[in-house]
Amino acid sequence: MSTIRTRFAPSPTGFLHIGGARTALFNWALTRQLGGQFVLRIEDTDRERSTAESEAAVLDGLRWLGIDWDEGPIRQSESANRHAEVVESLLETGAAYRCTCTRERLEEQRAAELASGGQGIYDGHCRDLALGPACGTHTVRLRIDRERELRWDDLVFGPSGQQASEIGDGIIRRSDGSPLYHLAVVVDDLDMGITHVIRGADHHSNTPFQLALYHALGATVPTFAHVPLIVAESGRKLSKRKDPVSIQKFKSDGYLPEAMINWLARLGWSHGDQEIFSAKDLTKYFDLEHVGRSGAQADLDKLDSLNQHYLKQRNAEDLFSVASPFLDAVAGEPVKRDAGLDRLLDLLRERSHHLVEMAEKARFVLVDEIMIEAGPAKKHLRPVVLEPFEALIEVLEALDEWTPAALESAFEATCKAHDDLKLGKLAQPTRVAITGTGASPGIYETLEVVGRERSLARMRAAALLIRERAAATP
RNA sequence: GUCCCCAUCGUCUAGCGGUUAGGACAUCGGCCUUUCAAGCCGACGACACGGGUUCGAUCCCCGUUGGGGACGCCA
C-alpha cells in the first residue's frame, strides 16, 4: 500500500486558531489512520507579519492538543532559493513572463473592468511583450493556458474547478524578487512529496490557479480536500476580536485538550450517531467522506457539555494535575493534593463545565476566610432557625467522628428533637454558614471536606450573625 | 459586481428514492432530593421556496432566495 503524506501549513501571524486546529486534527487523524507521514510547515513568506512568538504559540497549541508531527517544523522561508530557481525555469520555458505594470495601472484596470461588469482579473497587458531580465522593476506572472479546464475531484466537495479563462495570470514573484504564496505552496508540496492537501475551504477557489502552476511545472497534482470553515453566529466569519478562537484561550479558560479534540472533530464531521471520540478513536474512524460541505457554527454549549464529560472521566491524579494552576489562582498559594482535595474535586466535577468554574466552586475549601453572600444569608440565616441551629452546633461539637454517616445521624437527631424539623431547614443555614453560598455539594460531604474545626468555627460565626440580626430587628 | 461553493430541529449533525425524518447540545417539564448539580424519564423542535424527473422525493435536475468563500506585488 502506498503511504500518504500530508501537511499542516499555518502562517505564524497570530495564535493557533480553532479552524487551523481542526484542519491540523483532520490531517493528523487521517494520516495516523493510514500510517502515513504528517509534516508541519510554517508558511512564513509574509515576512512583515510572521513572528517567532506566533510560531511558538502555534506549536504549543498543537502539542497541548496532542497532535504530533513526523517532520518539521520546516520554515517555508528556508527554501527561498528553491522558489527563485523554479520561477527562473518557468521564465525560461515561457510558462511565466515578466510584467512591468505599475500598481496604479493594475488598480485602474481592475476598477475599470469591475465597473463594466467584468471579473477584475489581470488583462494580460505584458503577456506577449516578451520582456527580458533588463526590463526594469517587474513582477513575474504565470501564463495561464486559457483553453484549459482547471478541475479536480475534491475529496470533500466532489468535482470542482473552472475554466482557465476565468482566472487571470497571477503574480508568482514580487518585484523585490520574493515568491508569492501560490508559488511557494505548490513548490513546497511538490518537493515534500505531499500526496493529500487537506486545508480550509477558503483555499477552494485558489485551487484552480495552483492547478495551473502544477501543470506549468509538469507535475503530478496531489489529492485535494477542502474542509469548510468554522463560522460565528448566524454564519458570519469568525472574528478574532468578538469570538473565542484561540486554542490558548480555551486552555486558560479551563477546557481540556481531549474535550477540544472531540468538539472540533464533531464540528463538521460525523460517524453516525456517535458523539464521543478520543483522539485514538479518530485515528480509527476519521474519514473525509463524512466531512460536511457547509460551514459549522462553533457551539460553545456543546463544548461545555463535552468538557464536563471529560472532567468526569479523569482519574484523581490527572484531574488534580490539570486543575492545579486554577486552584492555586483561587487560593493565592500552591494547593497541595491530599485525600480531602481529591474528594472535593470529585464532588465538584459533576457541577462544573470547566476548570475556572471548578476552582471558583472550590473556594470555600481553598481559603480560610469566606465571604457570605447577602442573598443566601438573608434567606437562610434567619432568627427562626437560631435555636435548632445552635443545638446542631452543640451536637456536632460532641461528635466522635466527622464522617458523612455520623453527620447525617447528627442532623437527623437534631431535626427530630425540634418538632420533626425538615432537614432543609437545618441544611441550608449550615450550607450558607460554611460555604457562603446557597449551593454546594451534599451538606454532609461539604462539611466533611471543609473539616471539623473550620466548619464549627464558621457555624459559630453564623450563629452570632443570626443573633445580631435578631437583636437588630425586633 | 464576477466566479466558485453551501442549504435537515435554535446549534452540531444522521440520512445516501419508499423512515412515525434518528442522535447530541441547548430549552422546557417530571422523577430523585437538604441546595446546586449529576443521573433517569419525557416534551418542544427541522427537510428555505418554486418548478421539474419519478409510481414515489429530504435525497436527483433547474431556478429563486438566503449565506459563505475567492477575486492582492496577504497567506
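Residue numbering restarts at 1 for every chain, and letters A, B, ... go by the order of the sequence lines. Hydrogens, waters and symmetry mates are skipped; everything else that's a heavy atom, side chains included, is used.
The distance between atom OH of A/Y122 and atom P of B/C71, rounded to the nearest whole Å, is 18 Å. Atoms CG (A/D44) and P (B/C74) sit 15 Å apart, rounded to a whole Å. Put simply, NE2 on A/H354 is 15 Å from P on B/A37, counting in whole angstrom units. At whole-Å resolution of the value, CZ in A/F15 and C1' in B/A75 are 18 Å apart. Atom pair A/H353:NE2 and B/A38:P shows a separation of 6 Å (rounding to whole Å applied). Computed from coordinates, the A/H226 NE2 to B/A75 P distance equals 17 Å when rounded to whole Å. Following rounding to the nearest Å, A/D123 (CG) and B/U2 (C1') show an atom-to-atom distance of 16 Å. Atom CG of A/L142 and atom P of B/G72 are 15 Å apart (whole Å).
For A/S175 and B/C73, a side-chain-to-base donor-acceptor distance below 3.5 Å is present, hydrogens and geometry of angles not being considered. No hydrogens or angles were tested; on distance alone, nothing pairs the side chain of A/R293 with the base of B/C6 as donor and acceptor under 3.5 Å.
Summarising the base pairing, B/C59 is matched to no nucleotide, lacking a Watson-Crick or G-U wobble pair whose two defining distances lie under 3.5 Å. Pair assignment for B/G42 gives B/C28, based on Watson-Crick or G-U wobble hydrogen-bonding distances that are each under 3.5 Å. With both pairing distances under 3.5 Å, B/A70 is matched to B/U2 as a Watson-Crick or G-U wobble pair. Base pairing of B/A7: its partner is B/U65, meeting the Watson-Crick or G-U wobble criterion (both donor-acceptor distances under 3.5 Å).
With A/Y122 as the aromatic partner, A/R141 meets the cation-pi criteria of under 6.0 angstrom to the ring centre and within 45 degrees of the ring axis.
Looking at heavy-atom distances under 4.0 Å, A/Y444 makes contact with a base. Contacts of A/K237 with the nucleic acid, taken as non-hydrogen atoms under 4.0 Å apart, involve only primed sugar atoms and P, OP1 or OP2. Residue A/L180 is in sugar-phosphate contact alone, with no base atom involved, counting any heavy-atom pair closer than 4.0 Å across all strands shown. When heavy atoms are screened at a 4.0 angstrom cut-off, A/C415 is found touching no nucleic acid atom at all. Here A/K312 lies in heavy-atom contact (under 4.0 Å) with sugar-phosphate atoms only. A/S440 comes within contact range of at least one nucleobase, with a heavy-atom separation under 4.0 Å. The residue A/H203 sits close to a base: some heavy atom pair falls under 4.0 Å. No engagement by A/R173 is indicated, since no non-hydrogen atom pair under 4.0 Å with the nucleic acid exists. No engagement by A/P10 is indicated, since no non-hydrogen atom pair under 4.0 Å with the nucleic acid exists. Among the atoms of the strands shown, none is found under 4.0 Å from any heavy atom of A/L303. At a threshold of 4.0 angstrom between heavy atoms, the contacts of A/G438 include nucleobase atoms, whether or not backbone atoms are also involved.
Here the side chain of A/N206 is nearest to one of B/C36, B/A70, B/G69, namely B/A70. When each of B/G69, B/U34, B/C5 is scored by its nearest atom to the side-chain atoms of A/S205, the top-ranked nucleotide is B/G69. Listed candidates were B/A26, B/A75, B/A7. Nearest to the side chain of A/S305 is B/A26.
Within a 6.0 Å sphere centred on CG of A/D419, other residues, nucleotides and ligands contribute 12 heavy atoms or fewer. By the 6.0 Å contact criterion, CZ on A/R382 is open, its count of non-hydrogen atoms from other residues, nucleotides or ligands being 12 or less. For A/E387, the CD atom is loosely surrounded, since the number of other residues' heavy atoms within 6.0 Å does not exceed 12.
Between A/F209 and A/H182, the ring planes lie perpendicular to each other; the angle is over 60°, past the 30° to 60° tilted range. Classification of the A/F250-A/W263 ring pair by plane angle, with boundaries at 30° and 60°, yields tilted.
For B/C3 and B/U11, the C1' atoms lie 31 Å apart once the distance is rounded to whole Å. As rounded to the nearest Å, B/G72 and B/A57 have C1' atoms that lie 45 Å from one another. Taking the P atoms as reference points, B/U33 lies 43 Å from B/U8, given to the whole Å. When the C1' atom is used for both B/U19 and B/A38, the distance is 34 Å, rounded to whole Å. As rounded to the nearest Å, B/U35 and B/G42 have P atoms that lie 24 Å from one another. If you take atom P in B/G23 and the same atom in B/G45, they sit 14 Å apart, rounded to whole Å. Nucleotides B/A46 and B/A14, compared at atom C1', are 13 Å apart to the nearest Å. When the P atom is used for both B/A7 and B/C59, the distance is 11 Å, rounded to whole Å.
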Would A/E108 and A/R105 count as a salt bridge (charged side-chain N to carboxylate O under 4.0 Å, His left out) if you check the C-alpha gap in whole Å, the side-chain angles of each, and the deciding distance to 0.1 Å? CA-CA 5 Å; A/E108 275 169 33; A/R105 195 196 95 80; over 6 Å; no

Using ring pair (Phe, Tyr, Trp, His ring centres under 6.0 Å), reason through A/Y444 and A/F411 one step at a time and then give a plain yes or no. CA-CA 9 Å; A/Y444 311 128; A/F411 269 71; 5.4 Å; yes

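Nearer to the 5' terminus of RNA chain B, by closest-nucleotide assignment, is the contact made by A/L114 (compared with the other of A/L114 and A/I171). Two residues, A/Q119 and A/E43, neighbour RNA chain B, and the one matched to the more 5' nucleotide by heavy-atom proximity is A/Q119.
In plain terms, the two heavy atoms of A/L267 and A/A298 that are nearest each other are CD2-CA, 4.3 Å.
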Quick tally for nucleotides 8-16 of chain B: nucleotides whose base has a protein heavy atom under 4.0 Å get B, sugar-phosphate-only ones S, the rest -, giving ---BBSSS-

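When the options A/T207, A/T23, A/T6 are evaluated for a side chain to side chain donor-acceptor pair (under 3.5 Å) with A/R199, the one that passes is A/T207.
When atom types are taken as modelled, the side chain of A/Q76 and the backbone of A/E43 share no donor-acceptor pair closer than 3.5 angstrom.
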